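Notes for the one structure printed next.
Below, read A as the first sequence line, B as the second, and so on, with proteins coming before strands; counting in each chain starts at 1. Being a predicted model, the structure only gives us computed values, none of them experimental. FYI, side chains are in, hydrogens and waters are out, and symmetry mates aren't considered; it's all heavy atoms of this structure.
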Amino acid sequence: MSSIAPSLLAGLNPEQLSAVTLPPQHALILAGAGSGKTRVLTTRIAWLISTSQAGPHGILAVTFTNKAAKEMLTRLSAMLPLSYNNSVRGMWIGTFHGLCNRLLRAHYREAGLPQLFQILDQADQLSTIKRLLKSLNVDDEKFPPRELQHFINAQKEQGLRAAAVEAWDSFARRRVELYDAYERQCQREGVVDFAELLLRSHELLERHESLRRHYQERFRHILVDEFQDTNRLQYAWLRMLAGNRARNDHPPSPLPEEGGDNIRTPKDGAYIFAVGDDDQSIYGFRGAEVGNMRDLEREFQVAKVIRLEQNYRSHGNILDAANAIIKNNAARLGKNLWTEAGSGEPIRVFESLSDLDEARWIVEEIKSLSRDGHARKEVALLYRSNAQSRVLEHALFNAGLPYRVYGGLRFFERQEIKHALAYLRLIANPDDDTAFSRVVNFPTRGIGNRSLEQLADAAKTHGSSLHAAIQHLGGKAQSSLSAFAQLIVRMREGSAGLPLPEVVDHVLELSGLLEHYRNEKEGQDRLANLDELINAAASFVAEEGSREPAPDGAEDQSDLASFLAHAALEAGEHQAGDSDDAVQLMTVHSAKGLEFNVVFISGLEAGLFPHENAVLEEKGLEEERRLMYVAVTRARQRLYLSFAQTRMLHGQTRYNLPSRFLDEIPVALLKWLTPKLSSGFVAPPKTSYAPAYAAEPQRQANAMTMRQQSDSGLRIGQNVMHTKFGHGVIINAEGAGTDARVQVNFKHAGMKWLALSIAKLEAA
DNA sequence: CAGAATACTTTTTTT
DNA sequence: AAGTATTCTG
């Protein structure tokens, strides 16, 4: 062991130490929340390098977010002595999508892509699908674009090309045809969606033995963070890179070779070091497979799963609550967090009349925390869905408290930025129809629907891109569209040889975007954002432009192309800088991996958290519970849980009951800031913003009305029977008296709103 | 053809 | 409620 190694290992607990210093073999680390997972991962890499078991060149590390990748790089640079710092560059560290992009850029020819292929984000993909359906005259009632998008992505994540998808009825066959048509259109445009990045690079390695060999020999150690959130395709991708001669004998697709006994030994590939927590798997809805953990253990013959259960983050009460909640999940690998810290403060629970009250109370509480010396940036407001942030923001804004919202509309997703990027994309690749359609008439330049329809027809008959179809037109359409094509040419020529920020500047001016927003009333913010785009380009060139060494055998790619890829892959949390002390607002999903001294989990109401759409499936509830587990374990010292009786959602007031997750926490750990009400009956409409306890008599009175009104004693959560719809469960209710309506989720008939005065509902 | 007015959805989570 | 899509009007 080299001399620097011991200091690296100082302060690790026995389990962490054994994980970090595990001799070369496949490993699965079951790492609970706050158990030092990132530390183990980075230290493992540093240890491998400093003990000369691997060169930086031989390391491949996959993280879940770009932020995590950056964090890992920073920590590694600090851990390794200076002489190694340059070599940090030799490592491949990034997200699956980022790494696949890198691979495809390097070997675009073998992958069958144009050198400057563009990446479609979710929204781009959807508009591409809409455009496709239109051009094929497909009834989008029968094939809703969103569903088709979901279908296509799901197939890709199974490793299935259109030709490999089985279809039994005419509907399914048509859907597969559309999948195929979509794929051909993307290929023609030279664009790839997110799932395609993964599938394409998997196929690249699968089909090109020399490339596969090359990377298999290069990467000796593959480290995977957040392994519980990998999907089947990502798993297959890892397995491909990990390498195994036996694998070559297997037929290529479909990806998951279920139940096979193909055991992976590392003698001709990499060692996999996967770190994950099945209790924190919260992306099942988009294809993440917790089962990958068990599969890894079996297929790679992981000798011993190492468990990291000592938590260094939260006080005991918080941890106990988290453990109690997650215990209700059946499918677990099993793990129990413990801490040496004391039990700390009780968990505070607050009930309010309305979402407005809840927000105001949170603001007051934050103010008092501030007075007690808590930094605002150490306070996080978590919520289940983005729509909930508005009320909170409003209250914070009115109180003059600085805050920062994560997620929501990201920088690169703003309309003006997307417009600007579309022009840049057209410079790189004029056949990108998505970009073309977006800005062909923005700012308006007299190209109307008529012309565009003609153009789309021409493109269809010639099987070409929209841009290429211009020459086949005649008359007015041709002249105005040619002028647009000329504009693109002028942009490209004008920006040749310029540094990236100047290219952006040039394009903004020439496109007329600046002009347009200067004349628009509310255009100031947009102009500022466009200005910020130039800055983003500048800092991108400064930071990333030269940092990434050309991958093996790669051609140089232009700054423009990498900037565009960056924009698509890293939707752009626009960092407001750590310096400003702002309250942090985010969804529970985006809070994963973060920690705060004080955490508020708001909107803990049935239907909201757990979300009503998720409760329909059994697996859904378990995922919601894991989400709750993640939320709770974000807190170091103090945790607040709050819920409101009424909440404005999608333009209508809803009456919600407290979340079941509240009941799953032992009462001894809780401290109610408001009197605990015996909830159960549907709350009536409220107009007052008085504190909850003041409303208690009214609440009871109304509960009575409700009870009298339907003397069968209907309440939320109640199983009911309807003469026509059969069995169901009441999941929501509103109104009172003759207006009272309940929302019932019927086993077979689905979700229905029923007026109690009309519908014949019986308790079942 | 452009911009305004109106109608109509959409509402979970996101690399 | 807020955003998107469609229709209307000049």
- Does the side chain of Arg146(A) get closer than 4.0 angstrom to OP1 or OP2 of dT11(B) through an N or O atom? yes
- Side chain of Ser385(A): nearest nucleotide among dT12(B), dC1(B), dT15(B)? dT12(B)
- Task: Would you indicate which nucleotide in dT12(B), dT13(B), dT15(B) comes nearest to any side-chain atom of His611(A)?
- Result: dT12(B)
- Quick note, Thr65(A) side chain, CB onward, closest among dT15(B), dT12(B), dT14(B) is dT15(B)
- Nearest-angstrom distance from the residue atom CG of Leu649(A) to P of dT12(B): 9 Å
- Item | Proximity to the side chain of Asn441(A) - top-ranked nucleotide from dA1(C), dA2(B), dT15(B) | dA2(B)
- Task: Taking atom types as modelled, find out whether Gln125(A) and Asp193(A) have a side-chain donor-acceptor pair closer than 3.5 angstrom.
- Result: yes
- Message: Pairing donors with acceptors under 3.5 angstrom, does anything connect the side chains of Tyr423(A) and Arg425(A)?
- Response: no
- Task: For dT11(B), take OP1 and OP2 only and decide whether either is under 4.0 Å from a side-chain N or O of Asn613(A).
- Result: no
- Testing dA1(C), dT14(B), dT15(B) for proximity to the side chain of Tyr283(A), the answer is dT14(B)
- Query: What orientation do Phe442(A) and His419(A) show, parallel under 30°, tilted 30 to 60°, or perpendicular over 60°?
  - Reply: parallel
- Task: Using only side-chain N and O atoms of Asn386(A), determine if any of them is under 4.0 Å from OP1 or OP2 of dT14(B).
- Result: yes
- Check whether any side-chain N or O of Lys130(A) sits under 4.0 Å from OP1 or OP2 of dA5(C), and answer yes or no. yes
- Expressed as a whole number of Å, how far does the P atom of dT13(B) sit from that of dT4(C)? 15 Å
- Query: Quick one: which of dT12(B), dA2(B), dA1(C) gets closest to the side chain of Thr444(A)?
  - Reply: dA2(B)
- DNA chain B nearest-nucleotide lookup for Thr587(A) and Ser451(A): closer to the 5′ end is Ser451(A)
